[in-house]
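Remember, it's a predicted structure, so these values are computed and weren't measured experimentally.
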Amino acid sequence: MAFDDDDIEDLEFTAAGESEEDRKRNLKMVEPSPGFDPMVELVADSIIKDALITVLDYTPQQVSVRYQIDGLWHPGPPMDRETGDYMLASMKQIAGMEYRERGARQEGSFGTLYKKARQKFKVVSQGVPTGERVAIYLDYKRPAMDSITDQGMRGGMVEQLKTILQNPKTGLVLCSAVPGEGYTTAWRGMLGACDRLTRDYYVLEEVGKNEPEVINIYPVEFNPKKGEDALTPVPQLMLKEPDVLAFPEIPDGRLLNRIVDHSIQHDIPIFLRNPGRTCVDAVLRMLVKQPDVEKFASRLDAVICMRVIRTLCDDCKVGFQPHPQMLQRLGLPPGRVAQLYSANVYQPDSVDEDGNEIEPCESCSGIGFRGRTGLWELLTVTDEFRKALLNQPRIDKLTALVQKAGHVTMQTEGVLMVAKGVVSLDEVQRVLKS
């Protein structure tokens with residue numbers, strides 16, 4: 001990516017060091033180095049692209065560069081080995097690492113100030129058979145995404161979910177997502193949608209595995225090293241007359257059976273979390289734990305699932321008029337949607353009609369996407385579904401059953417987002433196939 005003088009001037013470094021004097025000395029040492037300018041460009045590129053991880057792979061000939069942006073890897077322009085060596089020496093020095101060490105694992109950090117926003121970088125280097133691998137992690141304060149509305153759930157589904165969560169007669173509610181791709185975000189979003197001002201919610205968490213705090217959701221810890229499990233604190237906790245108990249981890253069917261028994265005995269709603277790619281998939285993954293299926297099915301009332309999906313860059317997305325057959329395949333009525341959108345991915349050396357080189361979009365660096373949102377699904381469990389769960393617990397049978405009953409699948413939710421111009425059809429297909 002090409003940088004102008006403003007990009008370079010806007011970037012300030014805070015080097016590692018125990019004192020202000022040490023930090024200034026470390027920075028002053030690298031500023032005259034031939035590796036300083038390449039380091040500035042790499043760091044600025046990581047910030048502009050919003051790359052949470054930048055990986056450098058050193059070989060005898062060159063240094064390859066990869067950026068992880070919105071969960072996907074994108075190649076960057078490679079460096080020649082000499083430039084890469086000078087650049088890495090500067091980065092290690094500013095991060096408080098030993099720049100001469102190229103084999104042993106090292107870890108360091110430094111800070112930056114770019115356009116009035118502060119960032120923190122962690123640098124991890126490790127010698128490998130081909131040379132050296134360096135991972136650079138970007139951390140900065142991001143806007144809070146605690147509410148399910150901020151996380152992309154449409155308004156009608158939000159109201160439907162809140163009705164379920166706030167009903168004292170609700171049995172089990174299962175929250176699901178793919179670990180590492182919104183698993184914590186979906187859980188926090190569901191808890192955040194609860195009526196936390198008039199009802200008391202308690203989350204049973206293993207010591208050392210606490211989820212980020214949700215206001216007015218009370219964590220209660222248990223310690224497996226002392227022979228405790230998630231239900232150990234519950235008898236004492238019941239003296240406080242909780243309205244809802246939540247369990248973010250269910251290790252096996254035996255514990256799940258006891259949790260269901262507790263829900264039945266005390267007529268109390270229980271929130272559970274388990275990995276899943278769709279609502280039906282999440283339910284079947286619970287059965288893998290080998291619980292009492294009949295008891296579990298009888299108490300299960302609702303399932304929500306969230307997948308993370310990249311949103312189109314509003315500054316460069318390309319509109320096109322869809323063919324009527326495409327609209328028919330998507331289930332969109334003719335005339336309802338005049339235009340769909342696709343990502344405008346930068347093509348190097350491309351030119352416009354006048355022969356001028358086309359520059360990548362400044363907002364998304366030519367990727368075509370900017371940021372991510374949630375693709376949500378909400379399944380209300382019916383007696384027919386419970387019966388099928390006992391007799392035909394197969395994903396194809398259960399999926400066909402809920403579709404026939406009018407359930408809005410994640411695929412349909414994705415099409416609605418495509419129709420609104422938020423995401424591309426290709427991106428929905430990529431997420432649902434992954």
Side-chain angles (χ1 to χ4, degrees), residues 148 158-177 184 186-207 209-211 213-224 228-274 276 279 282-283 285-287 289-305 378-383 385-386 389-390:
I148 49 179
V158 170
E159 294 307 314
Q160 186 182 1
L161 176 61
K162 286 184 175 181
T163 299
I164 295 169
L165 297 179
Q166 294 168 12
N167 186 351
K169 295 301 181 181
T170 293
L172 304 180
V173 178
L174 176 60
C175 176
S176 61
T184 293
W187 180 247
R188 286 173 54 81
M190 185 186 73
L191 295 178
C194 297
D195 181 9
R196 293 162 288 153
L197 295 180
T198 61
R199 306 179 76 199
D200 292 329
Y201 297 79
Y202 292 88
V203 180
L204 285 299
E205 298 177 322
E206 182 178 336
V207 172
K209 294 185 178 181
N210 305 82
E211 295 285 344
E213 179 185 6
V214 177
I215 296 175
N216 291 339
I217 300 288
Y218 306 108
V220 178
E221 293 185 331
F222 62 92
N223 191 344
E228 299 174 349
D229 63 24
L231 280 172
T232 302
V234 170
Q236 187 69 25
L237 184 59
M238 292 304 294
L239 299 177
K240 299 181 180 180
E241 299 183 351
D243 293 293
V244 177
L245 298 180
F247 298 84
E249 303 297 334
I250 307 296
D252 54 54
R254 288 178 297 177
L255 179 63
L256 179 55
N257 288 340
R258 293 167 56 206
I259 290 173
V260 174
D261 286 339
H262 185 84
S263 177
I264 296 172
Q265 179 183 352
H266 296 276
D267 195 23
I268 184 173
I270 299 287
F271 298 166
L272 307 172
R273 182 176 65 168
N274 198 55
C279 288
V283 174
R285 288 173 184 266
M286 291 295 284
L287 299 192
K289 302 178 187 294
Q290 298 184 331
D292 182 322
V293 179
E294 183 174 5
K295 189 179 295 184
F296 169 69
S298 69
R299 199 65 181 163
L300 182 64
D301 282 329
V303 188
I304 62 169
C305 185
L378 170 60
L379 172 64
T380 301
V381 178
T382 63
D383 289 338
F385 185 87
R386 296 185 182 97
L389 202 58
L390 292 171

Practice problem: With side chain to side chain contact (heavy atoms under 4.5 Å, CB included) as the test, would you mind laying out the steps for Leu287 and Phe296 before giving the verdict? | Solution: CA-CA 9 Å; Leu287 299 192; Phe296 169 69; 4.0 Å; yes
Would you find a donor on one side and an acceptor on the other, under 3.5 Å apart, between the side chain of [X] and the backbone of [Y]?
X	Y	answer
Thr380	Ala302	no
Asp301	Gly171	yes
Ser176	Cys279	no
Arg196	Tyr201	no

Quiz item: After noting the C-alpha distance and the side-chain angles of Ile250 and Asp252, does the key distance pass the side chain to side chain contact (heavy atoms under 4.5 Å, CB included) rule?
Solution: CA-CA 6 Å; Ile250 307 296; Asp252 54 54; over 6 Å; no
Pairing residues for [X] by the salt bridge (charged side-chain N to carboxylate O under 4.0 Å, His left out) criterion, not counting sequence neighbours:
X	result
Arg199	none
Asp292	none
Asp383	Arg386
Lys295	Asp261

Looking at every heavy atom in both [X] and [Y], which two are closest together, and how far apart are they?
X	Y	value
Leu204	Pro248	O-CD, 3.2 Å
Phe385	Val283	CE2-CG1, 4.3 Å
Val173	Leu165	CG1-CD2, 4.2 Å
Cys175	Met190	CB-SD, 3.7 Å
Pro219	Glu205	CB-OE1, 3.6 Å
Pro233	Phe222	CG-CB, 4.0 Å

Quiz item: Which residue pairs pass the salt bridge (charged side-chain N to carboxylate O under 4.0 Å, His left out) test when at least one of the two sits in residues 236-249, sequence neighbours left out?
Solution: Glu249-Arg273
Quiz prompt | Of all pairs that satisfy salt bridge (charged side-chain N to carboxylate O under 4.0 Å, His left out), the ones with a partner from residues 262-271, not counting sequence neighbours | solution = Lys169-Asp267, Asp267-Arg299
Considering residues at least two apart in sequence or located in another chain, which fulfil the side-chain hydrogen bond (donor to acceptor under 3.5 Å, both in side chains) criterion with [X]?
X	answer
Glu213	none
Asn167	none
Thr163	none
Gln290	none

Quiz item: Taking only residues two or more places apart in sequence, or in another chain, which ones meet Phe247 in a ring-ring contact (aromatic ring centres under 6.0 Å, His included)?
Solution: none
Do the side chains of [Y] and [X] get nearer than 4.5 Å, heavy atoms only?
X	Y	answer
Val234	Tyr202	no
Ile164	Ile304	no
Ile259	Leu231	yes

Pairwise distance [atom1]([X]) to [atom2]([Y]) - rounded to 0.5 angstrom:
X	Y	atom1	atom2	answer
Asn274	Cys305	CG	SG	10.5 Å
Trp187	Ile217	CH2	CD1	9.0 Å
Ile270	Thr170	CD1	OG1	11.5 Å
Phe271	Leu172	CZ	CG	10.5 Å

Quiz prompt | Set of side chain to side chain contact (heavy atoms under 4.5 Å, CB included) partners for Thr232, sequence neighbours left out | solution = Glu228, Asp229
Self-check item: Heavy atoms from other residues, nucleotides or ligands near CG of Leu239 exceed 12 (cutoff 6.0 Å)
Solution: yes
Quiz prompt | Evaluation steps, side chain to side chain contact (heavy atoms under 4.5 Å, CB included), between Val203 and Val214 | solution = CA-CA 10 Å; Val203 180; Val214 177; over 6 Å; no
Quiz item: Could you walk me through whether Met286 and Leu272 pass the side chain to side chain contact (heavy atoms under 4.5 Å, CB included) check?
Solution: CA-CA 10 Å; Met286 291 295 284; Leu272 307 172; 4.0 Å; yes
